[in-house]
Amino acid sequence: MSALTPLTPLTLRELSAIGVDRLKGVGEKKLASLREVGIASVLDLLTTYPRRWVDRTNECRVSDLQAGVESLVLVTVRSATKRVGRNRRTIVEALVGDGSGRVHVVFFNQPWRERQLQEGLQVALFGKPDVYRGGLQMTNPIVDLIGDRTGRIVPIYPQSEKAALNTWEIAGWVEDALKRCDVRGVADPVEQSVLRRLGLTDRHQALKSIHLPETMAEKNEARRRLAFDELLRVQTVLVMRKRALERESRGIRHTVNGELTARLRDALPYELTGAQTRVIGEIEADLAGPHPMHRLLQGDVGSGKTLVAVSAMLTAVQGGHQGALMAPTEVLAEQHATSVRRLLDGVTVPDPRSLFGDRPLRVNLLTNRVTGSERREVLAGLADGTVDIAIGTHALIQEGVEFHSLGVVVVDEQHRFGVEQRAALRAKGDGDFVPDVLVMTATPIPRTAAMTVYGDLDVSVLDEMPPGRTPIKTHSAEGPLMEQAAWATVREEVAAGRQAYVVCPLIEESEKLEVASAQETYDRLSHDELKGLRLALLHGRMPSAEKEATMDRFRRGEIDVLVATTVIEVGVDVPNATVMVVLDADRFGIAQLHQLRGRVGRGEHASQCWLLTQQAAQPVAGQAAGNPRIDALVATTDGFELAEVDLELRGEGTLMNTAQKGRSDLRLASLRRDRELVVQARETAFGIVDADPLLDANPILLDELRLLFTADDEAFLFKN
Ligand code: ADP
Ligand code: MG
């Protein structure tokens, strides 16, 4: 090394440029194995974190094992023998133990265990012991060979039988790599003052401590720091994207507090909720400002989002611009059109060309079902500005759709639109100005998840329900007997003058099958369980006019029971409907059931929701009875609480898939467990980016972002 080379700390990029073949003991064969599990560089190796840490002194003694309780023991192999049992299955039996006692272990169909479990070998076993012949026995436990590693805490790495890599080899290479880092140290992108304020350890120390901790507490601190780094990178990218959008696009300065929005408010038969007033205020502040709005509106079912959306679109209209509302499906778009028209009934807009200086406000639907001359008319109206509010699907952002002056766009997202579509929408502005965008999610997502998935948006929350709602009681009903109770309830409610929904089984694979099954359900109920009541069928394949007619009859109370597919998920609003029965409820997700249930409980009468499931033929051993999703719905009607449960059950993977790429960087951080850390990372990212928008003064951080995010995703990172 030349004397002139300054000994700067190692950056992640430098670590990513050093091959693992440079480490002690990595020959050609091991190199190939490491490649197979995705470890090519020292950076890859150091970010392959242990999946468990075993505290030799504290846990995992054989004498503490209890039948039926999953546990980990750290033991020495005494013996292992192989025999062939009944059905020609190979059985390997081993006796293992520690200072406190011994335990039998059996492996079925893993003949190689006999060779693996050499006498004297130290292993960690993870499994659930059973009582067998009066003693404890573990069957097919997870085995981690830990070799002759010393130290109080033993890291256990993800290992691969296939790639022939075991945890002590990985631990050895990691230790070697860490030792080599000691000379120069590891670069830290976070300022000392920030680390001190948040109580975070230094990065180099954290890397050492996560792999070779002295205590569990030290490991926890290390994890916290490294998880923070992962979250900080994601948040910095999101905040930079947000600021870049604000910087680079000019928005329309809308006129707020104008005549149209005032008229809308005056015409309402009710007062706005406090939350609606607050959120409309937040939106109007954005609309009046010079930057285009880019805001997420979260609100539980029934919290009154439609009104907020309409108010935002009217703000555009009163300044001579247009509003658009985009829904993920045609059915939803049609339903939105109905509710928006109802809210805007009788509203007029100033028109100097008209005799009276006024003309009725024009709301048009644009989906792929709008064709021919009707479509041509709508397109012409959008282009010349006579359509004030357009409601539709993706059709709205297709080529060939020109707006005269698109001012406000509302996207009813439901997790189905991504960043790209939002960008396409912004591009529908008239060239000089970028329209304001409001994204509505009908399903609340936990705040910290929202910060990551929608981190480039500002967030408004409608956290208050309009008054006069009665709580919904939810029942879960399994099997034919309990199903009868649900139908009895429907009959009672109808007899008392109320109405009911029956939601047919969801068949995601095929709308055609779903419609057929809905028809079947309708026929069966009309002839059997609900004979004598006035039933009607509603599904997505019916012509719009027929659907509208059916909905109108239901609204007027001419139908007692509406048998429907999920077309009623949103937009349907009949306060007199007090019962919902969902068939095969276990086929639906939490969010969808919550949405559906939101169709009842909208009036003064107490409402009920029955979630029916078919009886399991036989309870599966070892599996908890019941369905955790249905249990959650029975337990609460709070959408945010349900969103947390949903995240818990489905894991964040599903959530992240719908989000942007580049999120795979989250190896340690969990949006569920690390909520506080997400908030801290986001605040830190704002601090950094607002002081230094292009990260000129933070070259280490900028370089890490460029290293870990792709150019496609984050064009603004790669400018210069
Ligand atoms: P969301 O779209 O958030 O599920 P909606 O906008 O469909 O909710 O509103 C649900 C119902 O509440 C509708 O019947 C609507 O007319 C009514 N509503 C909205 N705001 C209020 C309010 N401030 N007071 C009383 N009722 C309201
Ligand atoms: Mg709605």
Side-chain angles (χ1 to χ4, degrees), residues 261-262 264-283 295-314 323 325-329 331-347 363 389 391 410-415 438-445 459-472 499 501 551-552 554-556 566-578 580 591-605 607 609 637-640 642-643:
T261 42
L264 171 71
R265 246 167 274 190
D266 292 344
L268 289 175
Y270 45 72
E271 296 288 310
L272 297 184
T273 64
Q276 282 170 324
T277 306
R278 187 191 70 237
V279 168
I280 289 176
E282 288 164 0
I283 290 171
R295 183 172 285 276
L296 175 71
L297 171 60
Q298 290 210 61
D300 212 338
V301 204
S303 58
K305 289 184 295 294
T306 314
L307 180 66
V308 174
V310 167
S311 162
M313 291 191 287
L314 267 192
L325 194 162
M326 189 156 87
T329 67
V331 175
L332 295 187
E334 287 164 15
Q335 284 167 5
H336 275 308
T338 310
S339 20
V340 170
R341 284 197 178 109
R342 212 177 320 131
L343 266 173
L344 293 176
D345 195 29
V347 176
V363 178
I389 291 181
I391 298 178
V410 179
V411 182
D412 181 3
E413 175 155 75
Q414 301 201 311
H415 304 275
L438 180 68
V439 179
M440 296 198 297
T441 60
T443 316
I445 63 175
V459 178
S460 287
V461 183
L462 279 179
D463 50 7
E464 183 188 343
M465 286 289 177
R469 300 290 158 96
T470 48
I472 306 165
Q499 291 164 284
Y501 298 102
M551 271 319 299
D552 276 342
F554 189 64
R555 240 174 249 125
R556 289 198 301 266
T566 49
V567 294
I568 59 158
E569 196 174 340
V570 301
V572 176
D573 187 13
V574 179
N576 191 48
T578 54
M580 170 171 287
Q592 207 172 13
L593 287 173
H594 179 61
Q595 279 300 311
L596 284 167
R597 180 172 60 181
R599 300 304 112 203
V600 294
R602 296 185 153 236
E604 53 186 308
H605 303 286
S607 292
C609 176
T637 53
D638 181 321
F640 280 92
L642 287 170

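Just follow the structure's listing: the first ligand is 1, and inside any ligand the first atom is 1. Note that these values count all heavy atoms, side chains included, but never hydrogens, waters or copies made by symmetry. The model shown is predicted, which means the values in this text are computed figures rather than measured ones.
- Close contacts between ligand 1 and Leu272 involve ligand atoms 23 (N) [criterion: under 4.0 Å to a heavy atom].
- Within the structure, ligand 1 has Ser303 among the residues with a heavy atom less than 4.0 angstrom away.
- Atom CD of residue Gln276 and atom CD of residue Glu271 lie 10.5 Å apart, to the nearest 0.5 angstrom.
- By the criterion of a heavy-atom distance under 4.0 Å, neither the backbone nor the side chain of Leu462 is placed next to ligand 1.
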Applying side-chain contact (heavy atoms from CB on, under 4.5 Å) to Lys305 and Leu297, what does each step give before you reach the verdict? CA-CA 8 Å; Lys305 289 184 295 294; Leu297 171 60; 4.1 Å; yes

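- Contact annotation for Thr273 and ligand 1: heavy atoms of both the backbone and the side chain come within less than 4.0 Å of the ligand.
- Residue Gly304 has at least one N or O atom closer than 3.5 Å to an N or O atom of ligand 1.
- The two residues Phe554 and Gln499 have their closest heavy-atom pair at O-NE2, 2.7 Å.
- Results of the side chain to side chain contact (heavy atoms under 4.5 Å, CB included) test with Met313 over Val363, Leu325, Leu438 single out Leu325 as the only residue that passes.
- Summarising the geometry of Ile391 relative to Ala337, their closest heavy-atom pair is CD1-CA, 3.6 Å, with the distance given to 0.1 Å.
- At least one N or O atom of Gln276 sits closer than 3.5 Å to an N or O atom of ligand 1.
- Every residue was checked against the salt bridge (Lys or Arg N to Asp or Glu O under 4.0 Å) condition with Asp345, not counting sequence neighbours, and none meets it.
- When the heavy atoms of Asp300, Thr306, Leu268 are ranked by distance to atom 6 (O) of ligand 1, first place goes to Thr306.
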Asp300/His594 under side-chain hydrogen bond (donor to acceptor under 3.5 Å, both in side chains): CA gap, chis, key distance, verdict: CA-CA 9 Å; Asp300 212 338; His594 179 61; 2.4 Å; yes

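- Ligand 1 has a nitrogen or oxygen under 3.5 angstrom from a nitrogen or oxygen of Gly302.
- Only the backbone of Glu271 comes within 4.0 Å of ligand 1, counting heavy atoms alone; no side-chain atom from C-beta on gets that close.
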